[in-house]
2 protein chains.
Amino acid sequence: MSDHGTTLADTLREQIIQGAFAPGERLSEASLADRLDVSRNTLREAFRVLAQHGLVEHVPHRGVSVASPTTADVIDIYRARRLIEGGVLREASSLHPGVTAMRAALERAEDALGRADWTVVGSANMAFHAALVSLADSPRLTRAHDQLAAELRLAFLAIDDPESLHRPFVAKNRTVLEALTDEGPARAAEELERYLVDSERRVLGAYSRMGRR
Amino acid sequence: MSDHGTTLADTLREQIIQGAFAPGERLSEASLADRLDVSRNTLREAFRVLAQHGLVEHVPHRGVSVASPTTADVIDIYRARRLIEGGVLREASSLHPGVTAMRAALERAEDALGRADWTVVGSANMAFHAALVSLADSPRLTRAHDQLAAELRLAFLAIDDPESLHRPFVAKNRTVLEALTDEGPARAAEELERYLVDSERRVLGAYSRMGRR
DNA sequence: TCGCAACGATTGTTGAACAATCTGGGTCCG
DNA sequence: CGGACCCAGATTGTTCAACAATCGTTGCGA
């Protein structure tokens, strides 16, 4: 592993999102540095990056742990998603090349749906919405949305019922896409709003069912 | 200086925003660590945080320099601001306590206007818009907006004509606030849009006048 | 049982060291 | 004269060992 630094942060980010660590799990500097074969100092730099991304929580003198979104966090994430994704979509053009990326993600999701591969369905759904935000051609909005998506993945991981979390939303994404191409941005934004409200309700329902704070 | 870490990043952030370093200026690890009386490793952690905030640009093996927003950056910042601030305002309630904070910031700006203290006017204008975003009660939107504001300050610093950059906008902020309290969120959002378009045009005009990329 | 003091473990930070990489000149060749 | 190449100095990337500061816990005593 010669390329460290930001790349180390990327590696960790990937592992966390893939569920290599449980949400809330404590990440000890010494043991993780040993496991990743880097020095504590280098690992700490990566931690700072991840903390800024909201993927990891850093409490001074108490170390870092994998973030574990609370109910309040989930509500906030969806509020921000509604505002950003909705705002982007309302001003989007159906001719933007990003629409192709949306379609590709959607087809990947529909394909995985047949194979009941919920992990891929989840990833593809995420990619669909990332592509949606890319319609704005705004690096900063894309970055903000990426962070929201990463945090949300942690909430999904904590729930661990991928089917009910991802299956129903493939069709909803198709509705959004078709609304955009056939009926214009305003209608698409309405459908998106419906999607997000429904998705949020499902996550919060699962949270309360598992007695989560 | 016993409290380092994130606090060191805050210190640096403040210094950068206050213009202690010129936009684009190279920040050498060795000399800056010496100047701040911290070790290189500690300083590097702070750099990672600032880089995530967009205040500093980090190029591998070439070090970090104070960010120096390009024309494209300015355009993107304003696009994101329009979306976020506009979205927040459209769904805001004029009864939200944050409105008081907006009014306070506005009065601070108007006061400084009389004293021709453009630095304070600029800060107060920023605070007005930060308070505006706080109407959404969304930590994540607030954080995203904070980053945009910090980057924008660097653009302002690069321009160095604070009067033309800040003076005209105090009145516009009052218009936004009064529209919100008297005519409702929709009208306020229209005024805000006008504000942002005008402010962006002014920054870009100054940029092109100074032959900036 | 409760408060608390000492202990071990972990984080925060330092300084020195070395490898990897960049930068700026200078040289050589065409 | 101009450009490609290369070298040395400077800077960044990373490691390591050490110590101070802080946290959590454990066990002691009242």
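Given the structure is predicted, the values throughout are model-derived calculations rather than measurements. The figures here come from the full heavy-atom set of this structure, side chains too, leaving out hydrogens, waters and symmetry mates. Proteins get letters first, then strands, A, B, ... in listed order; numbering begins at 1 in each.
- When the C1' atom of D/dC16 is taken as reference, atom CG of A/L43 falls 15 Å away, rounded to whole Å.
- Atom CZ of B/R44 and atom C1' of D/dT15 are 12 Å apart (whole Å).
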What nitrogen or oxygen pairs link the protein and nucleotides 20-25 of chain D at under 3.5 Å?
from   : atom 1 : to    : atom 2 : distance (Å)
D/dG24 : OP1    : A/R62 : NE     : 2.8
D/dG24 : OP1    : A/R62 : NH1    : 3.4

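- Residues B/N41 and B/S28 each lie close to DNA chain D; by heavy-atom proximity, the contact nearer the 5' end of the strand is made by B/S28.
- Within the 4.0 Å cut-off from OP1 or OP2 of C/dT14, at least one side-chain nitrogen or oxygen of B/T42 is found.
- Side-chain contact between B/R81 and B/L152 is present, with at least one heavy-atom pair separated by less than 4.5 Å.
- Whole-Å rounding puts the A/E29 CD to D/dC16 P distance at 15 Å.
- For A/F156, the ring pair (Phe, Tyr, Trp, His ring centres under 6.0 Å) test picks out A/H166, with sequence neighbours left out.
- Whole-Å rounding puts the A/R48 CZ to C/dG12 P distance at 7 Å.
- Using modelled atom types and a 3.5 Å distance limit, the side chains of B/R44 and A/T42 yield no donor-acceptor pair.
- There is no side-chain donor-acceptor pair under 3.5 Å between B/D34 and B/S31.
- The distance from atom CD of A/E45 to atom P of C/dT13 is 13 Å, rounded to the nearest whole Å.
- One atom, CG of B/D34, and another, C1' of D/dA10, lie 16 Å apart when rounded to the nearest Å.
- The number of heavy atoms from other shown groups lying within 6.0 Å of CD (B/E163) is above 12.
- The separation between A/R40 atom CZ and C/dT11 atom P is 7 Å, rounded to whole Å.
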Intermediate values then yes/no, side chain to side chain donor-acceptor pair (under 3.5 Å), A/D10 and A/T7: CA-CA 5 Å; A/D10 288 343; A/T7 311; 5.2 Å; no

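- Atom-to-atom, CG of A/L32 to C1' of C/dT10 comes out at 14 Å; the value is rounded to the nearest Å.
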